[in-house]
Amino acid sequence: MSDKFNDLLNRRGFFWQSFDAYKGMVEAGGFYDYGPLGVGLKRNIINKWLKTFVVPYMDFTIEVETPIIMPRIVFEASGHLENFTDFLVTCSKCGRKYRADHLVEDELRKREVKIKTEGLDERRLDELISQYGIKCPNCGGELGNVQRFNLLFQTTIGPYSSNLGFIRPETAQGMFIDFAKLYELSNRKLPLAVAQVGKVGRNEISPRQGLVRLREFSQMEIELFFDPLNSTCPYLDDVKDVKIRILPEDDVAKGVSAPREVGVKEAVEKGYIVNEWMGFYMGLATVFLNELGVPLDKQLFLAKLPEERAHYARAVFDQVVLTERFGWLEVSGHAYRTDYDLSRHVKYSGQDLSAYRDLQVPRVEKEMRVSPNPVKIKERYGGDAGRIIKYIYDNPDKVLRDIESTGKSVFEAFEISREMIYVSEQEKKTYRERFIPHVIEPSFGVDRLLYVTLENSFVERNGKYVLRLPPDIAPIKVAVLPLIRKDPYPAIGRRIWSMLVMNGIEAVYDDGDTIGSRYVKYDEEGVPFAVTIDDKTPMDNTVTVRDRDTTSQVRVSIDSLVSVISSKIYVRR
RNA sequence: GCGGCCGUAGUCUAGUUUGGAUCAGGACGACGGCCUUCCACGCCGUAGAUCGUGGGUUCAAAUCCCACCGGCCGCACCA
């Protein structure tokens, strides 16, 4: 299947490896171009995501677009400069590079020393290498110092080479940085969801496997900001009937491999998912995948154990899809990022990225207020009163404390006694307090979704191939096909084609070849409908509409064609 | 990054073992024409190849050697 499938995608031009003209001259794997059909399909997948995650929830969801190149400090704050790294060690003799933590673990296992190197820093790894005398496994040479290889793409901003910039490895940071503005624009309401679709870059050491591991790819992310004291999701009922397949953290830790199939609500109630918002988005993610044509039994939410999680995350589920070619493939990640990101940006930028929370019971604080009594002060010290009064205003707490403990407070040569000040007790009420919101992040990889959509749509029929793409995401909706190229059929066909595209329906016109070979061609391109002009058309203004998946045809009038096709495209399954 | 296999028109491929007369052969696709009345594979014709890149051996290299780049598979990696 895999060969025929790849052959079809290649022939029909969905996507291909970039820089083909320079093949063999440059090392630049992990980049792909989308061809005409790939572009349309990708756009439609993004649109479906927007219609699933953003449009129905515009009462609390907004969309932004932020740069893909960001200055260094952003990634100091986010922790990516420090943590988004692999450890490499280079042999000083033969120049080979190894993953340091894995090399150490492997070599020590050979000496029957069991040690976990996950999470060790480069100093500790250096120590282990010298302590056990680990040498290059290839040539036996001395190993150099362990170095971090950072997966961020680096560039400079402007003409000064010291002004470093980096391509973002996730769209998320732009949304965190903008939180204060976005919160303000949303009338300071939580929960607030911010969505962003865009490109990101990760300088992978050895990318491979086509669209599945790219150095530059597209993400669709949402950062949901909420009050950690109120994590209820009022929209959870929208997905209450959605069944998900899940392997919770406890199961993963115990080595259980059979997933549980439960409703979203049940998964939250039983504690498989620690947060309602996370459950909500995981429910939507399942619906989304269903509508892309991925059956439920090929979907799974897989919990990540603490040591597998990114530096910012408290809980993570990977949404994985069973593929023919790559096995279980991660298409989205659902992370509880806590207040990590906002707090870090507060610390590094000095800006306030907090939100307000109304207190149900106002907090009451008692405050003693001290003010001078000018009459008494003048009585005793006359012309010096002014300085004394100012002193009391500037140091009310000290004056009060002194008087309460010793009966007087001394300022230069003056004694301030109890009768020289007024003391009043005041209540201060606080109705709201500030806090840093917590974040739930569903994050989708567009390119991988495109791949699994294509793979799931591929079927063989009578020795021919069909892409059964859901009609609403198919890049071309209709092929207009005169049965033969002879007057008056082509003219009618062109008129119908024009009518369709003017109504926003993506269509192609084709009068070449035999009718059968054209059906095969457009089946391969995933075109869900074919309109055929035959000998009846000039007589009664009707055409046939052929369904790609059943090959059956219905005859409709040209006048009703646009509405018939539209209703077939957007039917909810 | 390691190991194995591989790189010939848009695509798939013959030729590589045994270097030379194949100025690289075929099929699909594309384009032009003919024929045509509903599910690829009717007929005729046309165009299309720096044989991955660079270097070496040789009178002669797609073919042998080396390096590099890329691809596939396995291992590793994939915050």
Side-chain angles (χ1 to χ4, degrees), chain A residues 2-4 6-13 16-31 35 75 78-91 95-103 105-106 118-119 137-138 148-152 169-170 202-210 212-215 304 307-313 316 318 325-326 329-330 333 335 445 448 461-466 481-486 489 511-524 530-537 543-544 546 548 550-553 555:
Chain A
S2 199
D3 286 350
K4 298 295 175 192
N6 287 318
D7 178 51
L8 186 154
L9 296 184
N10 202 14
R11 274 190 292 116
R12 295 304 174 193
W16 55 82
Q17 200 157 19
S18 300
F19 324 123
D20 203 45
Y22 292 99
K23 179 171 66 173
M25 295 167 68
V26 292
E27 202 236 303
F31 298 97
F75 300 109
S78 73
H80 283 94
L81 274 172
E82 190 187 344
N83 296 311
F84 192 48
T85 51
D86 287 341
F87 291 105
L88 289 184
V89 65
T90 308
C91 170
R96 263 169 224 250
K97 290 179 190 294
Y98 302 90
R99 270 288 297 237
D101 46 350
H102 290 260
L103 178 70
E105 194 161 319
D106 288 350
E118 179 106 40
N138 180 56
R148 287 166 183 259
F149 175 77
N150 195 285
L151 270 56
L152 294 173
E170 53 174 8
R202 300 178 183 186
N203 201 4
E204 299 284 352
I205 294 172
S206 65
R208 230 194 269 168
Q209 309 185 304
V212 161
R213 216 152 140 239
L214 299 173
R215 286 186 166 131
K304 305 298 274 184
E307 62 268 26
E308 302 170 323
R309 298 199 284 253
H311 58 273
Y312 49 70
V316 175
D318 281 352
R325 176 142 168 238
F326 305 110
L329 177 67
E330 180 189 347
R448 288 182 173 191
R461 182 169 72 200
N462 302 329
K464 293 166 278 185
Y465 307 103
V466 184
L481 313 172
L483 205 51
I484 51 168
R485 180 166 43 188
K486 195 170 90 180
Y489 308 112
D511 61 13
D513 263 319
T514 64
I515 188 68
S517 56
R518 279 177 279 162
Y519 286 146
V520 169
K521 176 177 177 186
Y522 295 108
D523 285 349
E524 285 195 349
V531 168
T532 306
I533 293 107
D534 61 12
D535 55 352
K536 274 191 160 169
T537 308
V543 290
T544 58
R546 171 184 180 272
R548 175 198 62 204
T550 62
T551 74
S552 64
Q553 291 176 307
R555 185 166 282 278

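Naming: A, B, ... by sequence-line order, numbering from 1 per chain. Everything quoted here is computed from the prediction, not taken from an experiment.
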Student: Decide side-chain contact (heavy atoms from CB on, under 4.5 Å) for A:I484 and A:Y489; before the verdict, give the C-alpha distance in whole Å, the side-chain angles of both, and the deciding distance to 0.1 Å.
Tutor: CA-CA 7 Å; A:I484 51 168; A:Y489 308 112; 3.6 Å; yes
Student: Taking B:rC12 as the reference, what is the distance to B:rU58 when you measure between their C1' atoms (whole Å, please)?
Tutor: 34 Å
Student: Tell me the interatomic distance from A:N150, atom CG, to B:rC78, atom P, rounded to whole angstroms.
Tutor: 14 Å
Student: Using atom CD of A:E524 as one end and atom P of B:rC28 as the other, report the distance to the nearest whole Å.
Tutor: 16 Å
Student: Please give, in whole Å, the distance from B:rA76 C1' to A:R213 CZ?
Tutor: 10 Å
Student: Can you tell me how far C1' in B:rG71 sits from the matching atom in B:rU57, rounded to whole Å?
Tutor: 28 Å
Student: For A:N462 and B:rC41, what is the distance between atoms CG and C1' respectively, to the nearest whole Å?
Tutor: 14 Å
Student: Under 3.5 Å, which protein N or O atoms sit close to an N or O of nucleotides 31-39 of chain B? Give each pair with its distance.
Tutor:
from   : atom 1 : to     : atom 2 : distance (Å)
B:rU36 : O4     : A:R485 : O      : 3.4
B:rU37 : N3     : A:Y489 : OH     : 3.4
B:rU37 : O4     : A:Y489 : OH     : 3.2
B:rC38 : O2     : A:Y519 : OH     : 2.7
B:rC38 : O2     : A:Q553 : NE2    : 3.1
B:rC38 : N3     : A:Q553 : NE2    : 3.2
B:rC38 : N4     : A:D534 : OD2    : 2.7
B:rC38 : N4     : A:T544 : OG1    : 3.4
B:rC39 : O2     : A:R546 : NH2    : 3.1
B:rC39 : N3     : A:R546 : NE     : 2.7
B:rC39 : N4     : A:T551 : O      : 2.8

Student: To check you understand the geometry: which heavy-atom pair defines the closest contact between A:E204 and A:R215, and what is its length?
Tutor: O-NH2, 2.8 Å
Student: If you round to the nearest 0.5 Å, how far is OG1 of A:T544 from CG of A:L483?
Tutor: 8.0 Å
Student: Between B:rG1 and B:rC68, how far is it from one P atom to the other, in whole Å?
Tutor: 9 Å
Student: Of all the heavy-atom pairs spanning A:D511 and A:R518, show the shortest one and how long it is.
Tutor: CA-NH1, 3.5 Å
Student: Could you measure between the two P atoms, the one in B:rA24 and the one in B:rC34, and give it in whole Å?
Tutor: 33 Å
Student: Going by salt bridge (charged side-chain N to carboxylate O under 4.0 Å, His left out), A:D523 matches just one of A:R546, A:R12, A:R548. Which one?
Tutor: A:R546
Student: Quote, to the nearest angstrom, the P distance that separates B:rG15 from B:rU8.
Tutor: 14 Å
Student: Any donor and acceptor pair, going by atom type alone, linking the side chain of A:D318 with main-chain N or O of A:L329 inside 3.5 Å?
Tutor: no
Student: Can a salt bridge be assigned to the pair A:R11 and A:E524 using a cut-off of 4.0 Å between side-chain N and carboxylate O?
Tutor: yes
Student: Please identify which of these residues, A:V531, A:D534, A:T532, A:L481, meets the side-chain contact (heavy atoms from CB on, under 4.5 Å) condition with A:V543.
Tutor: A:V531
Student: Nearest heavy atom decides the nucleotide; on that basis, is A:H80 or A:R518 closer to the 5' end of RNA chain B?
Tutor: A:R518
Student: Would A:T551 and A:Y519 count as having a side-chain donor-acceptor pair, cut-off 3.5 Å?
Tutor: no
Student: For A:L9 and B:rU11, what is the distance between atoms CG and C1' respectively, to the nearest whole Å?
Tutor: 14 Å
Student: Using the P atom as the point on both nucleotides, what is the distance between B:rG26 and B:rA67, in whole Å?
Tutor: 36 Å
Student: Taking the C1' atom of each, how far is B:rC75 from B:rU53, in whole Å?
Tutor: 29 Å
Student: CG/A:D513 to NZ/A:K521 distance, rounded to the nearest 0.5 angstrom?
Tutor: 8.0 Å
Student: Taking atom C1' of B:rA30 as reference, at what distance in whole Å does atom NZ of A:K521 sit?
Tutor: 10 Å
Student: Where do A:P169 and A:H80 come nearest, in terms of heavy atoms and distance?
Tutor: CG-CD2, 3.7 Å
Student: With Watson-Crick and G-U wobble geometry limited to distances under 3.5 Å, how should the secondary structure of RNA chain B be encoded in dot-bracket form, using | for bases paired to another strand and [ ] for crossing pairs?
Tutor: (((((((..((((......[....)))).(((((.......))))).....(((((..]....))))))))))))....
Student: Could you give the CZ-to-P distance, from A:R12 to B:rG10, as a whole number of Å?
Tutor: 17 Å
Student: Extract from the structure each pairing of a protein N or O with an N or O of nucleotides 71-75 of chain B at less than 3.5 Å, listing the distance.
Tutor:
from   : atom 1 : to     : atom 2 : distance (Å)
B:rG71 : OP1    : A:Q17  : NE2    : 2.9
B:rC73 : N4     : A:R208 : NH1    : 3.1
B:rG74 : O6     : A:R208 : NH1    : 3.4
B:rG74 : O6     : A:R208 : NH2    : 3.1

Student: Do you know which two heavy atoms are closest between A:Y465 and A:K4, and how far apart they sit?
Tutor: OH-CD, 3.1 Å
Student: Say we look at B:rA76 and B:rA40: how far apart would their P atoms be, to the nearest angstrom?
Tutor: 46 Å
Student: Grab the CZ-P distance between A:R11 and B:rU13 for me, whole Å please.
Tutor: 13 Å
